[in-house]
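This report concerns only the one structure given below.
A quick note: this is a predicted structure, and the numbers were derived from the prediction, not measured. Indexing begins at 1, ligand by ligand and atom by atom, following the structure's order.
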Amino acid sequence: MSQPLITLDFLDTPTLPTPTVEATTHAHEPSGAVRVNPTTRTGRTRKLYIESYGCQMNFSDSEIVSSILFEQGFDTTEELEGADLVLLNTCSIREKAEQTVRMRLSQINSYKKRSPGMLVGVLGCMAERLKSKFLEEEKLVDLVVGPDAYRDLPQLIQQVDGGQKAVNVLLSREETYADITPVRLNSNGITAFISIMRGCDNMCSFCVVPFTRGRERSRDAHSIVQEARDLVAQGYKEVTLLGQNVDSYKWASADGTEHVNFAQLLERVALISPELRVRFSTSHPKDITDEVLHTMARHENICKYIHLPAQSGNSRVLALMNRTYDRPWYEERVQAIRRILGEDCAISTDMISGFCSETEEEHQDTLSLIDFVQYDMGYNFFYSERPGTLAARKLEDDIPLDVKKRRLQEVIDRQQLHARARYARMVGRVHRVLVEGRSKRSEDQLSGRNSQNQVVIFPKGTAQKGDYVNVLVTSTTGAALLGEII
Ligand code: SAH
Ligand code: SF4
Ligand code: F3S
């Protein structure tokens, strides 16, 4: 029997562009996407089915997990039916994300009943949040492993093979998986993500990530640069440096003689090759420095796109959110971007509508911030209380759902207005585009992105995946640019 279609309609849907034409997975975006690692056929004896939810961090971790289990005699499979080990790498960011996994687990249950040898494990943020409670609540789950414990998987699987249940949800202050090369199963061979840090120390009051991912730690700068070099040698043309808060990247060598901050790391990666594009995500408004912006300005190959989540446009709400900046600070950072990188630098945001006690006027402030910045893109959500967070403990989730949803829609509409205008201003200009592959629209069209991360679609001519081409943009759909190679 074939595997049931994973229906996406009950998932968290991001609000903007995620162009229906050619969506690229966003580094930071807890998107609605589900990803299944593709089948490998290397003659290994056991089959691993691994399905991932949440952000790029999780998708990257799933490749590390595949790497670890590859060493243990597992090939990956896209078919749930017939898999020996089924792993769900889960997300806790909003309630809906967790509901999705629960529903999926009940589907998997019916498979497990038909194939008694099948082992089922839960990884990632939900595993960390719920720990052994998962084993009580979901009887079919054999294995619960948190994001810092993947090295322990071989041992845990042995335990499960021996008929026991197994849990490891220990968080670490050191683990960065620096020495494990992820098997890049999901890659297009052109663009890749490199995790440069793990965890988060920020304690935004709404957010579950510090609890599920533990303390912030930065990965060895040399291992990052080496990974980027290896990717270039394999033909990759773009890397995205990944972390919850990349601007607080800070690494020192063991002997204390070498210190590297984010601007310096960015520069080291940019210097590997002028043909390598460098992106990064996510930037926290409190930490993004002029040094980072000047580094971006100095290097043509560092893409001119900054994801700078504001969360709210009102200073009182920002204080309640424990974001540690206020509106004037945020506006000043945006002005610094415009001053140092110019009007063309793209800026995107995440906004939360209907946070505890948010008034109508405060919601209007969020709309006016959107007008002030004129964002290129936005990932907007309504507030979802997460157990254990500061907000859940100290504040009342008092905005009715219909009000949250109405405010969210207003945020989305306002945001889209500006996104369309930002696309429109690119028409009539020539863009350097990295070709990522065939357009989903048509066999004869290629698709890629410009420095600003906007999708560009054009007739293929003689260009190939991985080429840089100059495209004269002649029109826009509002979510993609259309043009032709010149
Ligand atoms: N480290 C990133 C955010 C990672 S989570 C940053 O600080 O910007 C991605 C986004 O999910 C957040 O920016 C926020 O907008 C949203 N989010 C996080 N917790 C949420 C919650 N409890 N309810 C609704 N949205 C939430
Ligand atoms: Fe969550 Fe804030 Fe950390 Fe981002 S910076 S992951 S929103 S706690
Ligand atoms: Fe990512 Fe979701 Fe965890 S957004 S860090 S997988 S809670």
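- Only the side chain of Pro210 comes within 4.0 Å of ligand 2, judged by heavy-atom distances.
- Within a 6.0 Å radius of NZ in Lys405, no more than 12 heavy atoms belonging to other residues, nucleotides or ligands are found.
- Among the atoms of Cys204, an N, O or S atom falls under 2.8 Å from atom 2 (Fe) of ligand 2.
- Using a 4.0 Å cut-off between charged nitrogen and carboxylate oxygen, Arg316 and Glu358 do not count as a salt-bridge pair.
- With respect to the salt-bridge test (charged N to carboxylate O, under 4.0 angstrom), the residues Lys47 and Glu78 do not qualify.
- The distance criterion of under 3.5 Å between nitrogen or oxygen atoms is met by Ser384 with respect to ligand 1.
- In this structure, Tyr379 does not count as a contact residue of ligand 1, since none of its heavy atoms falls inside 4.0 Å of the ligand.
- Heavy atoms of Thr282 come nearer than 4.0 angstrom to ligand 1 in at least one pair.
- For atom 4 (Fe) of ligand 2, the nearest non-hydrogen atom of the protein is Arg323 NH1, 4.3 Å.
- Residue Lys250 qualifies as open at atom NZ: its count of foreign heavy atoms under 6.0 Å is 12 or below.
- The pair Glu410-Arg414 does not count as a salt bridge, with every side-chain nitrogen at least 4.0 angstrom from each carboxylate oxygen.
- Of all the heavy atoms of Met203, the ones lying under 4.0 Å from any atom of ligand 2 belong exclusively to the backbone.
- At least one heavy atom of Ile352 sits closer than 4.0 Å to an atom of ligand 1.
- Taking only nitrogen or oxygen atoms, main chain and side chain alike, Gln244 reaches within less than 3.5 Å of ligand 1.
- For the ligand labelled ligand 1, residue Arg323 lies inside the 4.0 Å heavy-atom shell.
- Of all the atoms in ligand 3, the ones that sit under 4.0 Å from a non-hydrogen atom of Asn58 are 6 (S).
- By the 3.5 Å distance cut-off applied to N or O atoms, Phe381 is not counted among the residues near ligand 1.
- Not a single N/O/S atom of Cys55, whether from backbone or side chain, sits less than 2.8 Å from atom 2 (Fe) of ligand 3.
- Checked by distance only, ligand 1 and Asp350 come closer than 3.5 Å through their nitrogen or oxygen atoms.
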